[in-house]
Participant: 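One structure is given below, represented as structure tokens, and several questions about it will come after.
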Amino acid sequence: MAQNTLSVKDKVVLVTGAFGLIGKEVCRSYLQHQAKVVLAGHNPGQLAAIKAEFEADFNPEHFLVCELDVTNRESIACSMAATLSKFGQLDVLVNNAAIDAKFDKAHKDKIISSRFEDYPIEVVRQSVEVNLIGAVQVAQAACRQMLKQGFGNIINVASSYSLISPNQQLYDFGEEPVTFKPVDYVVSKSFMPNFTRYLATFYAKDNIRCNAIAPHGIFNDHDEKFLENFAKLSPIGRMCDKSEICGPFVFLASDASSYMTGSVLVVDGGWTAW
Ligand SMILES: NC(=O)c1ccc[n+]([C@@H]2O[C@H](COP(=O)([O-])OP(=O)(O)OC[C@H]3O[C@@H](n4cnc5c(N)ncnc54)[C@H](O)[C@@H]3O)[C@@H](O)[C@H]2O)c1
């Protein structure tokens, strides 16, 4: 029986979408907790900068930075091979990469403001390709390795919008054109809870666990109007600081959660509670 501690020391954790807002923060947290971390990101231009950034704070023997496009099976196989070559095993996969229309100051202007009936279907298709198919095929590669090893742990990153519909009042800034949280994100993340239960039950007897984390509203320099809307609609009255998402990731990667599989850990300041 595993010792049920919160430690992730020496566990090998591969995080997809690792150069993004949550991915990078979670990788830092795992390294601070003495895990071995593979930062697998899909921004080739950023590889060197991310490597330099992490080398400034962490021992390079404890992490690996690599390119991983979740839509490309060869790229997944390369990352998996690099992980095994450097660390010899894969304890935890964090299935984090996704396309998500952002409403912070830096991304607000790129929002496609179409209503549902006019929303471009090619954008939906692309989000399904990354958020759904991508997550499934990364999990396939991880499960093949975990079966060989005889142990493993998968953490799928879901969303509050895997569980409920967006309240479009959050995205109404009283301006033209009116903006909406788009359908591509919602449909392509909705599968996560049931995919998590599928993997959990499929591999329950193989010593492979699978749980999901459903975050909501991580602060990333959003403007005043967004923050005002958010505060009105959120039970806790504010957005989530990126540091507040890390504890659940450490917990699910650790043996303290050894009897958990098939769960969705909701980290939403109560957003889905009313
Ligand atoms: N930020 C939030 O408030 C929030 C809320 C709920 C859920 N989430 C979930 O958290 C996860 C991380 O989101 P984030 O906020 O850090 O977003 P982000 O956009 O900052 O990071 C997502 C990363 O995924 C990468 N990506 C896109 N296409 C890819 C591909 N084909 N292959 C590999 N990587 C690819 C992007 O390059 C990016 O670095 C996502 O699954 C998202 O759905 C975020």
Side-chain angles (χ1 to χ4, degrees), residues 14-29 38-47 49-50 65-80 93-104 106-108 110-111 123 125-139 141 154-164 166 170-171 181-182 184-193 195-196 212-222 226-227 230 234 238-246 248-249 264-269 271-272:
L14 185 151
V15 180
T16 67
F19 305 167
L21 176 66
I22 291 181
K24 201 154 76 153
E25 193 67 13
V26 164
C27 287
R28 283 192 162 273
S29 175
V38 182
L39 291 102
H42 181 39
N43 315 71
Q46 282 182 8
L47 279 178
I50 295 278
V65 179
C66 65
E67 157 72 15
L68 193 167
D69 174 358
V70 300
T71 65
N72 180 326
R73 290 160 78 96
E74 263 176 46
S75 167
I76 297 169
C78 279
S79 302
M80 215 49 84
L93 164 69
V94 179
N95 229 340
N96 169 70
I99 292 176
D100 177 7
K102 301 283 195 190
F103 285 79
D104 53 52
H107 298 96
K108 223 176 132 190
K110 298 184 194 101
I111 293 293
V123 178
R125 201 167 275 128
Q126 200 199 353
S127 292
V128 168
E129 190 63 32
V130 173
N131 301 1
L132 192 161
I133 309 283
V136 171
Q137 59 187 11
V138 175
I154 296 172
I155 301 171
N156 286 326
V157 183
S159 163
S160 51
Y161 299 152
S162 305
L163 307 170
I164 56 161
L170 175 59
Y171 307 98
K181 184 72 180 180
D184 60 318
Y185 183 70
V186 177
V187 295
S188 62
K189 293 297 279 192
S190 298
F191 88 109
M192 265 305 189
F195 176 51
T196 299
I213 292 180
H216 180 80
I218 315 292
F219 176 70
N220 190 29
D221 198 21
H222 292 74
F226 188 91
L227 295 177
F230 196 99
S234 157
R238 63 172 175 85
M239 295 190 79
C240 179
D241 185 83
K242 60 186 179 179
S243 64
E244 295 177 294
I245 195 73
C246 296
F249 279 91
V264 180
L265 199 49
V266 180
V267 188
D268 70 348
W271 191 270
T272 58

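All ligand and atom numbering here is 1-based and tracks the order in the structure.
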Participant: Any salt bridge linking D221 with K102? Criterion: basic side-chain nitrogen under 4.0 Å from a carboxylate oxygen.
Facilitator: no
Participant: Report the residues that fulfil side chain to side chain donor-acceptor pair (under 3.5 Å) with Q137, sequence neighbours left out, ordered by chain and then residue number.
Facilitator: none
Participant: Test of understanding: with side chain to side chain contact (heavy atoms under 4.5 Å, CB included), list the residues that count as partners of I218, not counting sequence neighbours.
Facilitator: L21, I22, P215, C240, K242, I245
Participant: Step through it carefully: locate the ring centre of W271, locate the ring centre of Y161, and say whether they are under 6.0 Å apart.
Facilitator: no
Participant: Does atom CD (Q126) have a neighbourhood of more than 12 heavy atoms from anything else shown, all under 6.0 Å?
Facilitator: no
Participant: Can you name the ring-ring contact (aromatic ring centres under 6.0 Å, His included) partners of Y185, sequence neighbours left out?
Facilitator: none
Participant: List below, pair by pair, the N or O atoms of ligand 1 and of the protein that are less than 3.5 Å apart, including the distance to 0.1 Å; reply 'none' if no pair qualifies.
Facilitator:
{"from": "ligand 1", "atom 1": "1 (N)", "to": "K102", "atom 2": "NZ", "distance (Å)": "3.4"}
{"from": "ligand 1", "atom 1": "3 (O)", "to": "G217", "atom 2": "N", "distance (Å)": "3.4"}
{"from": "ligand 1", "atom 1": "3 (O)", "to": "I218", "atom 2": "N", "distance (Å)": "2.9"}
{"from": "ligand 1", "atom 1": "15 (O)", "to": "K102", "atom 2": "NZ", "distance (Å)": "2.5"}
{"from": "ligand 1", "atom 1": "16 (O)", "to": "L21", "atom 2": "N", "distance (Å)": "3.2"}
{"from": "ligand 1", "atom 1": "16 (O)", "to": "I22", "atom 2": "N", "distance (Å)": "2.8"}
{"from": "ligand 1", "atom 1": "17 (O)", "to": "K102", "atom 2": "NZ", "distance (Å)": "3.1"}
{"from": "ligand 1", "atom 1": "20 (O)", "to": "L21", "atom 2": "N", "distance (Å)": "2.9"}
{"from": "ligand 1", "atom 1": "24 (O)", "to": "A98", "atom 2": "N", "distance (Å)": "3.3"}
{"from": "ligand 1", "atom 1": "24 (O)", "to": "A98", "atom 2": "O", "distance (Å)": "3.4"}
{"from": "ligand 1", "atom 1": "31 (N)", "to": "D69", "atom 2": "OD1", "distance (Å)": "2.9"}
{"from": "ligand 1", "atom 1": "32 (N)", "to": "V70", "atom 2": "N", "distance (Å)": "2.9"}
{"from": "ligand 1", "atom 1": "37 (O)", "to": "N43", "atom 2": "OD1", "distance (Å)": "3.4"}
{"from": "ligand 1", "atom 1": "39 (O)", "to": "G20", "atom 2": "N", "distance (Å)": "3.4"}
{"from": "ligand 1", "atom 1": "41 (O)", "to": "N96", "atom 2": "O", "distance (Å)": "2.8"}
{"from": "ligand 1", "atom 1": "41 (O)", "to": "K189", "atom 2": "NZ", "distance (Å)": "2.7"}
{"from": "ligand 1", "atom 1": "43 (O)", "to": "Y185", "atom 2": "OH", "distance (Å)": "2.5"}
{"from": "ligand 1", "atom 1": "43 (O)", "to": "K189", "atom 2": "NZ", "distance (Å)": "3.0"}

